[in-house]
Amino acid sequence: MQLKLKVLIFGSVLTLVALIAIQGYLIYNSYELKKKTITIDARNAIAKLYNTPEIDSIFWTYRNDFKANLTKYEKDEISQTTLLNRLQEKAKAINPSFMEVYSKGLEEYANNIDVEFKKIVTSITVTDSLGTTDVLYTLEENDTILIAGMNFSSEEGLLINNSTWQDNHIVPHANGESEQVDLNFKSSIYMSISNWNTLIIKELAGLMIISTLLFLFVVGLLYYSIQNLIKQKKVADIKTDFINNITHELKTPLSTLSLATKTLTNEYANDNKEMADEAINIVNRQNIRLQKLIDQVLQSSLGYKSIVLTTEEFNTTLFLNETLDDFLLSVEQGIEVKRNIDSTGMLMIADKFYLSTAIINILNNAVKYGGTVLTVTYKVGKNNSSHLISIADNGIGISEKYQKAIFEKFYRVSEQDTHNYKGLGLGLYYTSQIIKAHNGSISVESREGHGTTFTISIPLAR
Ligand code: ADP
């Protein structure tokens, strides 16, 4: 692949990655923004339903109860543990009425946000008139006291408010004296949203779908463009190769022709009939060669649909033997053709001229690409459905990765030494078009360095 193309692909992939990153960042930002909006909405809903006289009166029940118990504690009538236990029990008792008001408020204000609420005690201290502070409770040292709401873990929730209830009251002692005690009751409010995902997915689904579709569209477009570019590059390469090949093919006959013409115009040759005849023979041979080359190029423009067949019924065994005899006349000595031809004499309906051209193309290739022993096999395929003609050689072979492409127009295997094996890459294309025109098929099997077998299958006459 050309460096330019590689740079293009690399650039496109990089741009895509950048696009994904930007899109990801934008979606993440929208997600965070949405989360913030939902949090604010939830907080507002809680604020609205919390600051109502109903909730206030519920909370005053536990406060009054606690104050009464605190006085008992100050008077040593109950222990600190009992005081805290009673607080917890009272809170438990008022929680159902709190939850009722809370649920109603949520329905009204929370806009489908499932928000849980909890109010827990964080510390309780009392300070007497002498300034001595008695720590009755700290969250760190004691069990959690839930005043209202649901008991989710604080890590899951979000702290939304800390509040302090301060109260000073006079505690009468047994000795008749009384003392002012300052109460410092601190609590925290947490909320936890349980349906985050549903809410956010609902909000962002449209955005995600559109951006995914857009992304897929861009990937598709890019893939299509790169595919196209590679295809165009391949076509351009094939054209260049073809021009190089045909120029190369034309050079030899032309230079031979110019030599022969020189001989003919040579005064000496005028008196030398033998030399003149030889030169004329050369002109004739090169003329035929040029004609063949041009025919090959012209034929190659024919797709199988434009090949007009003149079919006849003939004996396949005879036809193949004749074709091989003709072929042997045209090749140099040293080429052995083994005939493994079924002698049943099955009939075939085909165009003899085109079919023999196809077979001779394969035979010529077998010799051209190093074959010295060719084996031609003919038999009728399984189920009596087709004639199978295979031509095997012991030549240079074709590596597996090129085997599919050799039937393409102008295709030549680039790994083979193209200067030693001259050609235009048209023979197998034309052969395959002829076979296709007969509703048949052609396939190749080959091992590099060991040889190649082409098999033609033509439907049996019915
Ligand atoms: P060419 O004019 O190059 O021979 P063809 O279309 O006949 O064109 O063949 C296409 C390519 O397939 C050839 O260039 C050659 O690389 C490969 N090929 C065809 N026949 C054989 C064979 N018998 N052995 C090895 N390679 C072959």
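Remember, it's 1-based here, ligands and their atoms both numbered in the order they're listed.
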Please table the atom pairs, donor to acceptor, closer than 3.5 Å between any side-chain atom in residues 198-211 and protein atoms at least two apart or in another chain.
unit_1 : atom_1 : unit_2 : atom_2 : d
E203   : OE1    : K34    : NZ     : 3.3
S211   : OG     : L207   : O      : 3.0
S211   : OG     : M208   : O      : 3.1

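Few gaps surround CD on E116; more than 12 heavy atoms of other groups in view lie less than 6.0 Å from it. Within 6.0 Å of atom CD in E274, 12 or fewer heavy atoms from other residues, nucleotides or ligands are found, so the atom counts as exposed in its surroundings.
Residue contacts with ligand 1 for I398 involve side-chain atoms from C-beta outward but no N, CA, C or O (heavy atoms, distance under 4.0 Å). Residue contacts with ligand 1, taken as heavy atom pairs separated by less than 4.0 Å, involve T452 solely via side-chain atoms from C-beta onward. With a heavy-atom cut-off of 4.0 Å, Y411 touches ligand 1 through its backbone alone. Proximity of I362 to ligand 1, defined as any heavy-atom pair under 4.0 Å, is not found for any part of the residue.
The closest approach between a heavy atom of G397 and any atom of ligand 1 is below 4.0 Å. Look at Y402 and you'll find every heavy atom at least 4.0 Å from all atoms of ligand 1.
Residue-ligand proximity, G427 to ligand 1, at heavy-atom distances under 4.0 Å covers atoms 5 (P), 6 (O), 7 (O). Atom numbering of ligand 1 starts at 1 in the shown order; those under 4.0 Å from a heavy atom of K368 are 1 (P), 2 (O), 4 (O). Using a 4.0 Å cut-off to heavy atoms of A366, the atoms of ligand 1 that qualify are 23 (N).
Nearest heavy-atom pair across T357 and F353 is OG1-O, 2.7 Å. In terms of heavy-atom proximity, A366 sits nearest to L374 at CB-CD2, 3.7 Å.
Polar contact with ligand 1: present for L424 (N/O pair, distance under 3.5 Å). Considering backbone and side-chain N/O of G425, one or more are found under 3.5 Å from N/O of ligand 1.
Aromatic rings from F185 and Y137 are positioned such that their centres are separated by 6.0 Å or more.
Summarising the contacts of atom 23 (N) of ligand 1 with D393, L426, I396, the nearest heavy atom is found in D393. Of the listed options Y369, F410, Y429, Y421, Y369 places a heavy atom closest to atom 21 (C) of ligand 1.
Using a 4.0 Å cut-off between charged nitrogen and carboxylate oxygen, D393 and K368 do not count as a salt-bridge pair.
The aromatic rings of F98 and F117 sit tilted relative to each other, their planes meeting at an angle between 30° and 60°.
Side-chain contact check for T256 versus R285: every heavy-atom pair is 4.5 Å or farther apart.
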